[in-house]
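All residue numbers refer to positions in the sequence shown, counting from 1. What's counted below: heavy atoms across the whole structure, side chains too, no hydrogens, waters or symmetry copies. Here the structure is a predicted model, which is why all the values come from computation and not from measurement.
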Amino acid sequence: MVSRQMVDIYRRLSEKEYQTAEALAEELSVSSKTVRNQLKNLNELLGDYGVCVESKHGAGYRLAVKDTQKQKELEELIQKKELQESAIPNSSEERVEYLLEYLLNTDGYVKLDELSQMLYISKKTLTANLKEVENLLGEYHLCLQRKPNHGICIGGREFNRRLCIAGFVAKKIQMTEKLGGDQDVTEEIQWIHHCVQECLSRYNFEISSVAFQNLVLHIQIAILRMRGGHYVPMAESEADKVRNKKAYRIAEEILNHIKDKFHVEFPDSEIEYIAIHLEGKKMMLNSTVAEETEGNLVINQEISDLVGFMLSAVYDAFKFDFRDDLELRMSLSQHLVPLVVRLQHDMKLTNPLLKDIKERYSLAYTMATTACVILNHKFHKIVKEDEIGYIALLFALALERKKTAIAKKNILLVCASGKGSAQLLLYRYKTEFGPYINKLSVCDVGRIQEQDFTDIDYIFTTVPIPVKVPVPIQEVEYFLKSSDIQAVKRTLLGKTDSPVLDIYPKDLFLSHMNFTSKEEALETLCGYVCERGLAPKEFLASVRAREVLAKTAFGNLVAMPHPIEIMGKQPFVCVAVLDHPIEWTPGMPDSMIQVIFLVSVANYEQYDIQRFYQVTAKLLLDAPSMKELIRNQDYDTLKHLLLKMEQLVDEEI
């Protein structure tokens, strides 16, 4: 088997000039011993192509070509990247991927010595790479089993093994055609694609395009695994859940067609396996949440209860009451039907919009994270970020409905005398703020004392009001600037003018901190805010509880720990910037953290929580801003960044 290093060495060798092992080693950033070993292996390979590696004492190595036609064949192979694709990897990341694929597709045990020799690495390096492999396997509830004198193998259910293959290895199946591989395999995938499409259409069974590709892939993996004698055993309790569903009938029909085409027998357990995938991918579009019964769609009580608990959790944490929002209840319930299947079977659903959802709908995403704590409890599984993102979209729609449901205001516009200028201002306000206004009237400042204020909610004025009036006044410029427009909108939406900066006090900004672990950081920061009377003594326990149930690392070296429930009366954020990053959640992506935002929203009605989350999330998700804060580590930098993000949020309103 050829390695990438062998290919690299071949490309650097000349037919005319000798090169020393030391020079080659320096170019490749490896030891001269590694180069000599690879040259020996390369020489054995080149013999089949009319080429050999010639060595000369004191001079080094060069290529000696005996058959130019055969060498041309070798060059063509390298150009097509066939050698590279079958090559042994060089980097740690490539080795982890290679080991994962190799072990997933190997029956029985493999000795570590064999793997070390195969990859041309030391036992120490192999052990480090295998630790990363174990972390990846753990996401699918698989493990590495070790047996003395036998080696290692992957242990776990066949169901989970296939999910892992789909997650990490299947891209090679999908890329077969692009790599110029087996045409029969490519045609096989295309035929399965057409067969599945026909069956789903016939049964009017809706799934997304991403889910469709994933289903085709899992059927292909099932065929490959069964050809190797590996079948999915299905517990009777799991099988009963799908046998009477439409998904089972569709799976049965799909696999009957495939059986006739590819001469592969599918036992009942494999039909149930594909049916479970269909159940986990279906889209509930124009129906209520339902059990499939004789002609009726009936709300499943378990799903209904879960949705109720989720909305109660959001109310307890944010004081946003969606418990009577029937549209949100039904949308969540519909979404939960396939989600529960995915959770029960560790199936993953990717969300290509996740980054945008986090940034644009930060409050909705935080609410969805809190709601999913209920699912974590119920199913003893951590709901992944991709899934949380989809639920966040449902909360975002609910928040928009709340916004549009705000009572429209009656506004009195006051300006200097001049009917023409007043009408121009009236037109501008109708254009900018029409959705927020019920009645808009105009009065010049000289006649303000004659005005009836019975039905007036606010006065917007371009000039000072010289007399006392019974309603709030907001001063604006005649020619509305962007900042005026945002201020007016905030007033009409009933939002108080409490700057986000008030929640980030200077005395809670801690720079150049040094922690050795997440636990030490949480203990120190929670103790710090408790000493200042900002949080009760139970604050640390509540923050710990949140950490167990939901991920608080945002990426960009940032974590936002917060209590599982609203605590205290005053909202605050305690910001700690570390000199060196610490590991926040071992084995998870975005695990290294260097900035900690300890947040307590509190039970306090005089500030705009949605605005706070929008500004804070935009800051946390902005990588350049976080790098700037880590580099400067002072409160003025934090203040500057918050004001910048606040302005961006205002521009989006």
Side-chain angles (χ1 to χ4, degrees), residues 134-145 154-164 166-167 232-242 272-273 275-277 279-281 289 300-314 316-317 332-351 365-392 394 518-519 522 541-553 561-565 584-591:
E134 283 190 281
N135 289 336
L136 295 173
L137 290 172
E139 293 182 26
Y140 295 87
H141 300 282
L142 299 171
C143 64
L144 279 184
Q145 294 179 340
I154 291 178
R157 298 170 62 210
E158 173 68 15
F159 194 111
N160 297 85
R161 195 181 191 108
R162 292 187 189 182
L163 292 176
C164 189
V232 171
M234 196 68 65
E236 196 63 28
S237 59
E238 291 180 328
D240 287 342
K241 292 176 183 176
V242 293
E272 291 150 8
Y273 169 74
I276 286 171
H277 275 284
E279 278 291 293
K281 292 171 171 58
V289 177
N300 177 310
Q301 189 61 48
E302 182 184 20
I303 295 291
S304 180
D305 289 344
L306 277 173
V307 169
F309 292 141
M310 291 168 76
L311 296 180
S312 292
V314 169
D316 290 341
L332 273 174
S333 297
Q334 291 179 53
H335 186 80
L336 253 59
V337 172
L339 171 56
V340 166
V341 175
R342 293 195 292 273
L343 287 175
Q344 289 172 332
H345 297 281
D346 302 310
M347 295 160 62
K348 292 189 176 183
L349 182 68
T350 56
N351 189 337
Y365 183 83
T366 310
M367 287 178 170
T369 303
T370 297
C372 286
V373 169
I374 301 299
L375 302 179
N376 296 343
H377 270 304
K378 173 70 176 176
F379 300 103
H380 306 290
K381 305 279 178 72
I382 298 296
V383 180
K384 303 293 185 186
E385 284 189 320
D386 295 82
E387 297 282 11
I388 293 172
Y390 285 116
I391 292 175
L394 303 181
K518 175 173 79 172
E519 183 57 30
L522 293 179
S542 186
V543 171
R544 282 174 174 158
R546 166 68 70 190
E547 288 296 320
V548 170
L549 295 173
K551 180 182 175 183
T552 59
H562 49 288
I564 201 167
E565 58 192 337
W584 199 255
T585 311
M588 295 290 288
D590 304 321
S591 182

For the atom pair [atom1] ([X]) and [atom2] ([Y]), what is the distance rounded to the nearest 0.5 Å?
| X | Y | atom1 | atom2 | result |
| --- | --- | --- | --- | --- |
| Ile374 | Leu311 | CD1 | CG | 10.0 Å |
| Asp346 | Cys164 | CG | SG | 11.5 Å |
| Leu163 | Arg342 | CG | CZ | 12.5 Å |
| Asn351 | Lys384 | CG | NZ | 14.5 Å |
| Glu279 | Ile276 | CD | CD1 | 9.0 Å |
| Ile303 | Leu336 | CD1 | CG | 5.0 Å |

Inset, instruction - Tell me, please, which residues at least two apart from Asp386 pass salt bridge (Lys or Arg N to Asp or Glu O under 4.0 Å). - result: none
Legend entry - salt bridge (Lys or Arg N to Asp or Glu O under 4.0 Å) partners for Arg546, two or more places apart: none
Legend entry - Flag for His141-Asn160: side-chain donor and acceptor within less than 3.5 Å: no
Inset, instruction - Ignoring hydrogens and angles, tell me if any N or O in the side chain of Asn376 forms a donor-acceptor pair with the backbone of Val383 under 3.5 Å. - result: yes
Legend entry - Salt bridge flag under 4.0 Å for residues Lys378 and Glu302: yes
For [X] versus [Y], what's the shortest heavy-atom pair and its separation?
| X | Y | value |
| --- | --- | --- |
| Met310 | Ala371 | CG-O, 3.4 Å |
| Ile564 | Ser542 | N-OG, 2.9 Å |
| Tyr365 | Ala392 | CA-CB, 3.6 Å |
| Lys381 | Leu343 | NZ-O, 2.8 Å |
| Trp584 | Ala553 | CD1-CB, 4.2 Å |
| Met347 | Gly280 | CE-CA, 4.2 Å |

Inset, instruction - Might you work through the side chain to side chain contact (heavy atoms under 4.5 Å, CB included) test for His345 and His277, ending with a clear yes or no? - result: CA-CA 9 Å; His345 297 281; His277 275 284; over 6 Å; no
Inset, instruction - Please determine which of Val340, Leu339, Ile382, Ile388 meets the side chain to side chain contact (heavy atoms under 4.5 Å, CB included) test together with Leu375. - result: Leu339
Inset, instruction - Return yes when atom CZ of Phe309 has more than 12 non-hydrogen atoms of other residues, nucleotides or ligands closer than 6.0 Å, and no otherwise. - result: no
Inset, instruction - Walk me through it: do Lys518 and Arg544 pass the test side chain to side chain contact (heavy atoms under 4.5 Å, CB included)? - result: CA-CA 10 Å; Lys518 175 173 79 172; Arg544 282 174 174 158; over 6 Å; no
Legend entry - Within-4.5 Å side-chain heavy-atom neighbours: Glu158 and Tyr273: no
Legend entry - Any residue meeting side-chain contact (heavy atoms from CB on, under 4.5 Å) with Ile154, in chain and number order, not counting sequence neighbours: Leu103, Leu104, Leu137, Leu142, Leu144, Arg161
